[in-house]
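Notes for the one structure printed next.
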Amino acid sequence: MSKYTKQDIIRFVEEEDVEFIRLQFTDMFGTLKNVAITKSQLGKALDNRCMFDGSSIEGFVRIEESDMYLHPDLDTFCIFPWRPQQGKVARIICDVYRANGEPFEGDPRYLLKKEIARAKALGYSFHVGPECEFFLFHVDENGQPTTITHEKAGYFDLGPIDLGENARRDMVLTLEDMGFEIEASHHEVAPAQHEIDFKYDEALATADNIMTFKLAVKTIAKRHGLFASFMPKPKYGVNGSGMHINMSLSKEGRNIFDAPQGEQGLSREAYYFIGGLMRHVKGMTAITNPLVNSYKRLVPGYEAPIYIAWSATNRSPLIRIPASRGEGTRIELRCPDPSANPYLTLAVCLAAGLDGIENQITPPGEVKENVFEMRLSKKEQLGIESLPADLGEALKELEKDEYLKEVLGAHISKKYVEAKRAEWMNYRTQVTAWEINEYLYKI
């Protein structure tokens with residue numbers, strides 16, 4: 001049931017002196033877009049009559065069928081706390097529709113809503129808590145981002161060693177002003193790397209919150225003269241940034257992953273959900289780790305998960321079961337990174353888990369040893385496979401997974417793979433500074 005009505009939104013705009021409203025949506029590749037209107041056009045927007053040219057958005061539609069409409073989700077209305085206090089700016093997140101009134105099948109938000117509806121038909125609600133990491137870098141004299149930082153802080157360090165502490169504090173306060181419940185924030189392992197964790201929520205709200213989070217973090221960083229980067233691996237020799245996804249399913253208000261009498265305190269559904277994730281994760285990787293750069297993070301030696309295994313006792317496998325039980329029982333998928341489209345990522349995670357439950361896919365046994373230190377022969381003995389090593393391999397795995405392609409739909413499957421394959425081929429043709437330094441003088 002909706003929190004707000006059209007009349008509520010109109011009243012908020014008048015009472016709060018809002019002058020501009022940004023109608024936001026997310027493209028297939030996780031880039032936030034918007035159409036800005038003045039309050040004089042608010043009634044038109046609330047009646048779903050705000051149109052834009054879909055052919056201008058990569059991965060949307062051809063020029064012959066370009067008229068698209070934005071349908072605001074009224075419950076996402078929010079005033080930006082960093083904009084002027086007179087003539088304020090607000091936003092509403094929108095769904096994308098075709099001119100004939102049907103939802104646009106290339107809208108990632110629509111895709112997630114479809115999977116949520118499928119779960120609901122089975123009696124489930126899907127809750128997700130993300131762990132979003134990012135870097136804070138200096139900008140150059142032209143205001144352009146660099147990968148330069150003067151700090152040398154590490155995991156859980158504090159000021160004055162942590163030079164980003166003040167910026168991170170302002171980010172937390174701004175996010176709380178926007179309705180986020182911030183559970184923790186801290187410096188991460190690498191110099192200039194940070195993490196801010198916000199409370200889990202229903203999946204659609206969480207995906208919306210991830211997009212809002214990234215916008216707020218980048219905006220506040222800029223106010224501090226810094227650049228916030230969600231690039232998975234911006235610097236060689238240090239840890240990259242992940243976006244671990246913590247998931248649970250509820251039925252009739254109870255967390256169904258929790259089973260005090262079950263092995264490890266987990267229910268059969270929890271094990272089947274793990275089994276579904278493990279079956280489909282190779283194909284999912286093109287979604288959860290969508291950039292060429294994503295695979296520079298997924299390498300041995302930097303704590304990033306690369307081995308397809310699960311554990312309730314150590315952090316080295318791909319899937320971890322945190323110690324909390326009861327309502328806190330959850331499954332943590334550790335491979336996604338913050339460049340991923342959160343709507344597509346949560347959709348494929350839910351779809352894989354539901355496939356596990358519906359088809360009772362039993363996962364292999366728990367791996368209790370540190371997989372990073374395990375001998376190759378032992379991994380082969382246990383049948384532990386690795387995630388795709390690069391974007392090209394990940395795309396091949398996605399194309400092999402008929403179930404995931406059906407979940408994504410024909411439009412997204414085709415357009416996404418085409419664009420990502422072009423990105424991969426463009427990368428493969430580059431000659432890098434490493435190659436010149438390594439080979440030029442030798443050959």
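These values consider heavy atoms only, across backbone and side chains, with no hydrogens, waters or symmetry-generated copies.
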Counting distance only, does the side-chain N/O of [X] pair as donor-acceptor with the main-chain N or O of [Y] below 3.5 Å?
X: R223; Y: W82; result: yes
X: R49; Y: G43; result: no
X: N359; Y: I361; result: no
X: D75; Y: K3; result: yes
X: S267; Y: A270; result: yes
X: E105; Y: I412; result: no

- prompt: Applying ring pair (Phe, Tyr, Trp, His ring centres under 6.0 Å), which residue pairs with at least one partner in residues 275-296 are found, sequence neighbours left out?
  reply: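 Only H280-Y403 qualify under ring pair (Phe, Tyr, Trp, His ring centres under 6.0 Å).
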- line: Residue pairs meeting ring pair (Phe, Tyr, Trp, His ring centres under 6.0 Å), one or both in residues 323-354, sequence neighbours left out, come to none
In the structure I gave you, are the side-chain heavy atoms of [X] and [Y] within less than 4.5 Å of one another anywhere?
X: P232; Y: K296; answer: no
X: I93; Y: M211; answer: no
X: W310; Y: Y271; answer: yes

Between [X] and [Y]: side-chain donor-acceptor atoms closer than 3.5 Å:
X: T5; Y: D8; value: yes
X: T432; Y: E435; value: yes
X: T76; Y: D208; value: no

Residues in side chain to side chain donor-acceptor pair (under 3.5 Å) contact with E176, at least two apart in sequence or another chain: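 By the side chain to side chain donor-acceptor pair (under 3.5 Å) rule, E176 matches no residue at all.
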- prompt: Among R334, R320, R330, which residue meets the side chain to side chain contact (heavy atoms under 4.5 Å, CB included) test with N246?
  reply: R330
- prompt: Of K405, K414, R421, which is the lone residue that meets salt bridge (charged side-chain N to carboxylate O under 4.0 Å, His left out) with E399?
  reply: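 Going through K405, K414, R421 one by one, the salt bridge (charged side-chain N to carboxylate O under 4.0 Å, His left out) with E399 is satisfied by R421 alone.
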